[in-house]
Amino acid sequence: MEGDGSDSPVTIKNIERELICPACKELFTHPLILPCQHSICHKCVKELLLTLDDSFNDVGSDNSNQSSPRLRLPSPSMDKIDRINRPGWKRNSLTPRTTIFPCPGCEHDVDLGERGINGLFRNFTLETIVERYRQAARAATAIMCDLCKPPPQESTKSCMDCSASYCNECFKIHHPWGTIKAQHEYVGPTTNFRPKILMCPEHETERINMYCELCRRPVCHLCKLGGSHANHRVTTMSSAYKTLKEKLSKDIDYLIGKESQVKSQISELNLLMTETECNGERAKEEAITHFEKLFEILEERKSSVLKAIDSSKKLRLDKFQTQMEEYQGLLENNGLVGYAQEVLKETDQSCFVQTAKQLHLRIQKATESLKSFRPAAQTSFEDYVVNTSKQTELLGELSFFSSGIDVPEINEEQSKVYNNALINWHHPEKDKADSYVLEYRKISREDEMSWNEIEVCGTSKIIQDLENSSTYAFRVRAYKGSICSPCSREFILHTPPAPVFSFLFDEKCGYNNEHLLLNLKRDRVESRAGFNLLLAAERIQVGYYTSLDYIIGDTGITKGKHFWAFRVEPYSYLVKVGVASSDKLQEWLRSPRDAVSPRYEQDSGHDSGSEDAGFDSSQPFTLVTIGMKKFFIPKSPTSSNEPENRVLPMPTSIGIFLDYDKGKVSFYDMDHMKCLYERQVDCSHTLYPAFALMGSGGIQLEEPITAKYLEYQEDMQLKHLM
């Protein structure tokens, strides 16, 4: 139980680092023990789960109140908190399942089990130590009596059974001699009250009396008899206590015995820090020297280039000035013309002829130049444009001497963007690199955006919080100690036009398990072209047509902008994808045969027999056809309806963008984030992602890019290498 608080304040204050929650970065408050053995505040677990619930339902949304199809509240509502606390809670879950929680301590996803938060133990030992730390930190602050009338007196003891603190007088009054309360356990003044007996979180009426060696957690006898620990090896609590305490004491004694070695290593680390500080300053001075030399060269070249431009400019202006003066002489009563006019006044024939001959030649020359005007010099300085493209590229790659470190290259096939961006790269000298720096920036026509940097230990990274409908550039460089390689070639990705909408296939509404096969995760569906389809094909003899098998998403949309993506298997014969309203789905699923008459053109969203009247009107659904490795653009009166213009190669991944508020749906090629087709859609009812298959085919929903997704990709790469 709780100690007497005799530990010295100095010792307690020196362990503050161990008492900080990895989530909120503050002292632990009611810490819970996760399955990975890290502790986290109870309130932090709730907040993180609420955040995950919001992000899963509306991944990438800047404001969930604006774009989520569900009602959002400014703060966590009581129904959400109750839902998280209930056993079996999981996002988008209809049946009890396990809850995945990202531990902020080890950054790994841990399984909280079906009971979620209720299945976690409270770390009373850590809570007690935190309380002792708080008391040491506020030694001058007294704990006041909870029962005194104002003003309260300073408490002298706390009752662990009553969970209250008392002064001497109040304690005597509320714990009279000879009563049951007189037997209560009391300690020194404290604000940390914990139960005397640790109870099982799964069986709340049973006390903990055993320790599961496999799960490394305390359990009760019901857990061992018929619970989740039935086949696990357990030991008695006293035995586990003795064993763990002996091991911990032995390890602590070993560390205390090595105190001189630890102090020596601390001194060595201090010297290394000082040496690093000096070397860093020296490296900065050397870098400044190199840049100053570059500046001197640039200044010298700048002066030389400007001098050459000024000389050429002066020469050209002089030529223009001379030519302008000559032309000014051609004006009446000016220059050459004025002089000629004066010569014409000469009446002596001999004198006139003597002077007029040379003057006439000059007049003729001026007349010819007037007829074919040519400037004396060029105004363009094209020959004096400084070409710095090569130097700019070299300066852009300016970095530390690589010492043989090869440039890493981004793997364009394995890099992608969806709700987040996943960047993979390979490095020929992977074993020689200590770390990598991934840089990325938004490409904007208006402003030159600065690069964001992230240090990465591996060869892949997930980038979050990218803006929708934007273009980003990525590059990476390798580091070995303080030496780095040049940056890789830039890789460009285009983000989706709206936040990613997460959903799974609905296995209840209209799902035909005779024709369709849905996997356990409900993110992949396949069409079985088997015996049942052949039987249905016999109806063609009496004028019936084989129907499509529909399947929809399990979540509807009532507002906002949303984007989702999927892959259609190349072997698929006929697949239709798009959106459909709730009332149209009821019509299809009640009488699917009526919706597939020979005159029904579902691509255009209306009866093909009245195309002229229906193209401009919004329909309650829009589906496009995909099959035989082709993407078929529906007919339109505003574009060419020739087959060669309407049939495109099927993209590897297809995206759908629904703007519910504007009533518009668009279909995208995910590889290039290019819109292939868009049209208006009636959004007066709830819209659902809709799919239909005929014959052999398969559809795989794109999985959101998360840390768990990254671990899966790395495991697949390792298996491939093995």
Side-chain angles (χ1 to χ4, degrees), residues 22 36 59-60 100 102-110 393 396-443 449-467 470-496 500 565 567 652-653 670-673 700 702-722:
C36 58
V59 178
I100 301 300
C103 173
C106 60
E107 297 183 353
H108 284 84
D109 288 345
V110 293
E393 183 178 353
E397 296 178 355
L398 183 66
S399 64
F400 304 108
F401 178 61
S402 65
S403 185
I405 300 180
D406 291 338
V407 181
E409 291 297 331
I410 294 179
N411 190 327
E412 298 185 6
E413 293 183 357
Q414 296 182 3
S415 299
K416 58 183 294 188
V417 65
Y418 191 36
N419 58 316
N420 297 315
L422 170 62
I423 307 299
N424 274 287
W425 59 90
H426 55 81
H427 191 207
E429 302 293 336
K430 180 179 179 182
D431 295 336
K432 293 185 178 181
D434 296 332
S435 62
Y436 300 88
V437 170
L438 176 64
E439 299 180 348
Y440 67 97
R441 69 176 178 183
K442 180 183 176 182
I443 299 177
M449 308 296 287
S450 59
W451 289 94
N452 300 288
E453 294 187 353
I454 301 177
E455 186 174 357
V456 185
C457 294
T459 56
S460 58
K461 182 63 179 179
I462 293 176
I463 307 296
Q464 301 176 338
D465 301 326
L466 299 180
E467 294 183 19
S470 302
T471 302
Y472 284 85
F474 300 85
R475 67 186 186 187
V476 65
R477 63 179 186 267
Y479 272 86
K480 176 65 177 178
S482 59
I483 308 300
C484 76
S485 71
C487 288
S488 66
R489 183 171 57 88
E490 291 186 12
F491 175 58
I492 306 298
L493 283 177
H494 305 277
T495 57
V500 169
R567 298 189 303 274
T652 305
S653 182
M670 276 286 291
D671 294 336
H672 307 93
M673 205 57 70
Q700 173 70 54
E702 284 287 353
E703 183 178 358
I705 298 174
T706 61
K708 192 172 183 181
Y709 176 90
L710 182 58
E711 292 176 5
Y712 171 76
Q713 294 291 326
E714 292 175 349
D715 292 342
M716 294 300 293
Q717 292 179 18
L718 290 174
K719 292 179 180 179
H720 178 71
L721 293 174
M722 295 173 63

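- Looking only at distances, no side-chain donor or acceptor of S488 sits under 3.5 Å from a matching main-chain atom of I410.
- Here the CD1 atom belonging to I492 is positioned 9.5 Å from the CD atom belonging to E412, to the nearest 0.5 angstrom.
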side-chain contact (heavy atoms from CB on, under 4.5 Å) evaluation trace for F474 with I463: CA-CA 10 Å; F474 300 85; I463 307 296; 4.2 Å; yes
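- Counting only heavy atoms from C-beta outward, the side chains of R489 and E409 approach each other to under 4.5 Å.
- Taken to the nearest 0.5 Å, the CZ atom of R475 stands 14.0 Å off from the CD1 atom of I423.
- With T459 contributing its side chain and H426 its backbone, the two residues share no donor-acceptor pair below 3.5 Å.
- From K461, atom NZ reaches atom OG of S415 across 14.0 Å, with rounding to the nearest 0.5 Å.
- A heavy-atom distance below 4.5 Å is not found between the side chains of Y418 and E703.
- The only member of L438, V456, N424, I454 that meets side-chain contact (heavy atoms from CB on, under 4.5 Å) when paired with V476 is L438.
- A478 approaches A433 most closely through the heavy-atom pair CB-CB, 4.1 Å.
- A perpendicular orientation is assigned to the rings of H427 and Y436, their planes being inclined by more than 60° (bins at 30° and 60°).
- The OG1 atom of T495 sits 11.5 Å away from atom CG of N419, with the distance rounded to the nearest 0.5 Å.
- For the residue pair V417 and M673, the shortest heavy atom distance occurs at CG1-CE, 4.5 Å.
- Here the closest heavy-atom approach between residue P486 and residue V407 is recorded as O-CG1, 3.6 Å.
- The two residues H494 and T471 come nearest to each other via the heavy atoms ND1-OG1, 3.0 Å.
- Distance check, rounded to the nearest 0.5 Å: OG of S460 to CG of L422 gives 6.5 Å.
- If you take CZ on R477 and OG on S435, they are separated by 9.5 Å, rounding to the nearest 0.5 Å.
- Across every non-hydrogen atom of C36 and C103, the tightest pair is SG-SG, 3.5 Å.
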